[in-house]
A.B. asks: 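Next up is a structure, given as structure tokens.
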There are 2 protein chains.
Amino acid sequence: MTSEQRRIQPRKQPRQIRAELTRQRILTAAAHIFAEYGYAAGTTNRIAERARVSIGSLYQYYPNKDAILAELLTRHLDGDRATETLRAHKDRPDPLEDIIRVFVHTVIENHLDDPALLRIMLEQAPRSSELIERITQQEWEMIGDLRELLDRHPEARVNDKDTAARLVAYTVELTVHSLVAAPNSIDVTRLENELVAMITSYLRTER
Amino acid sequence: MTSEQRRIQPRKQPRQIRAELTRQRILTAAAHIFAEYGYAAGTTNRIAERARVSIGSLYQYYPNKDAILAELLTRHLDGDRATETLRAHKDRPDPLEDIIRVFVHTVIENHLDDPALLRIMLEQAPRSSELIERITQQEWEMIGDLRELLDRHPEARVNDKDTAARLVAYTVELTVHSLVAAPNSIDVTRLENELVAMITSYLRTER
DNA sequence: CACAATTATGAGCAATTGTTCAGTTCGTCC
DNA sequence: GGACGAACTGAACAATTGCTCATAATTGTG
């Protein structure tokens, strides 16, 4: 930032395709290593070895170990379509059950990619303030959208809408996360059906 | 084991009260340190320091670091009254909602003790096969009891009872765990109310 | 080909951490 | 009070790990 910038290009772009490939190899290897060994035991040397790259190269692309997991997590969060799906459907005149189903379905899809890695990332990732904020923000977005759904949809009859929105968001995220990544994995279709049934009946029941 | 044993006493019992106290001090200190620093950064030296005990003494009572967390977890699991509470109530002629409420309430109570430590234990504990088994068994007991409740209680109307039992067990455990230990903690009474409402309406609704 | 910029290498450093063990202190019992 | 074992101490060891840096290889350019 000291010298004048003539270009608007993002800094430090790789000049050769080779570099981009190496970077990608490191990331892929890291995903495998972290998923298999966990974060602490997933050493940078192991990652480099698996990527068939020297440890020096690894540190040319990532300033430290945390940064590798951070990028993996960022990519996952970027690929998360749950919030926008909910937002796109929450004002439609569809039956409540349909909206909930689309939402649940999207969350499940999001977890089917690499459950083991996802588990590591969410449970063992170093709690850097930046990433925490990122995740928290995404959570609250989802809760906010759910809250609006409860306010507007004619079928919704819950009393404590604030708590309900949080409960639903957490229930879906957590049960899907746990039951999909579980060693004794559940049938995904059944999970979706029951989850939708549970939430829908809850939201519709007057008390 | 080389010499003949005349006594049937359990081996290696502490002979002096001093020893028992030291052991207790170590455990208490470990609980604090793990809760504050997490598992990896909660070093044995830090624990010993906090317990005002030399590192050597610590290793006289615990063969290694894992063993300390294992004992903490064991004690927590031993203190878990959720399964028995459910078992005690599941065959009573009470309204379904009451049974569910007692169950949810017990789970919440169990998490109110030391949420931070519990979080560490469940999320960062080294996955020794022994402890995993212990936890898994306790989980399946709970699921089994829920399953029986669904079979016998007249108000229960779910279709897919197997999936429902698992879903309910996980929903309660996970949401309570997350929402109670969350930095932005939720009102516990509200959580209980909504959780009970959600599960009850789910289990009672015919489809 | 020359040469410079980019990319890759890997031995080794610095720091941390779990653990040991030779020696000291304390408690108990005759 | 003396003797023996239980309990305690903490400096030091061994292993691991994240990371650096001097050097080498590769690629693009004229």
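Order of the sequence lines sets the chain letters (A, B, ...), proteins ahead of strands, with each chain counted from 1.
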A.B. asks: Send over the distance from B:K65 NZ to C:dT16 C1', rounded to a whole Å.
C.D. replies: 11 Å

A.B. asks: Residues from residues 30-52 of chain A sitting under 4.0 Å of DNA chain D, heavy atoms only?
C.D. replies: A:T43, A:T44, A:N45

A.B. asks: With a 4.5 Å cut-off on side-chain heavy atoms, are A:V102 and A:T85 touching?
C.D. replies: yes

A.B. asks: Side chain of A:Y59: nearest nucleotide among D:dA7, C:dA8, D:dT20?
C.D. replies: D:dT20

A.B. asks: Could you work out which one of D:dT9, D:dC8, C:dT7 sits closest to the side chain of A:Y61?
C.D. replies: C:dT7

A.B. asks: In whole Å, I'd like the distance from the CG atom of A:L58 to the P atom of D:dC19.
C.D. replies: 9 Å

A.B. asks: Starting at CD1 of A:I26 and ending at C1' of D:dC19, how long is that distance when rounded to a whole Å?
C.D. replies: 14 Å

A.B. asks: So does B:T22 get a side-chain nitrogen or oxygen closer than 4.0 Å to the phosphate oxygens (OP1/OP2) of D:dA7?
C.D. replies: no

A.B. asks: B:R25: what forms a side-chain hydrogen bond (donor to acceptor under 3.5 Å, both in side chains) with it, not counting sequence neighbours?
C.D. replies: none

A.B. asks: To the nearest Å, give me how far apart CZ (A:R18) and C1' (D:dA25) are.
C.D. replies: 8 Å

A.B. asks: When the distance from CG of A:N64 to C1' of D:dC19 is rounded to whole Å, what number comes out?
C.D. replies: 10 Å

A.B. asks: Nearest whole angstrom, please: distance from the C1' of C:dT6 to the CD1 of A:I17.
C.D. replies: 12 Å

A.B. asks: Could you state the CD-P distance from B:E20 to C:dG27, rounded to the nearest angstrom?
C.D. replies: 16 Å

A.B. asks: Using the rule given for side-chain hydrogen bond (donor to acceptor under 3.5 Å, both in side chains), can you reason through B:E133 versus B:Q137, listing the C-alpha separation, both sets of side-chain angles and the distance that settles it, and then say yes or no?
C.D. replies: CA-CA 6 Å; B:E133 251 175 56; B:Q137 190 206 329; over 6 Å; no

A.B. asks: Which whole-number value in Å describes the distance from B:I55 CD1 to D:dA11 P?
C.D. replies: 13 Å

A.B. asks: Assess the pair B:F34 and B:Y39: is the distance between their ring centroids shorter than 6.0 Å?
C.D. replies: yes

A.B. asks: Kindly give the heavy-atom pair with the smallest separation between B:H76 and B:L118, and that separation in Å.
C.D. replies: NE2-CD1, 3.4 Å

A.B. asks: Map B:S57 and A:S57 onto DNA chain C by nearest heavy atom, then report which one ends up closer to the 5' terminus.
C.D. replies: A:S57

A.B. asks: Do B:E173 and A:L174 make a side-chain contact, defined as non-hydrogen atoms from C-beta onward lying under 4.5 Å apart?
C.D. replies: no

A.B. asks: Closest approach of B:I47 and B:A29, non-hydrogen atoms and distance?
C.D. replies: O-CB, 3.7 Å

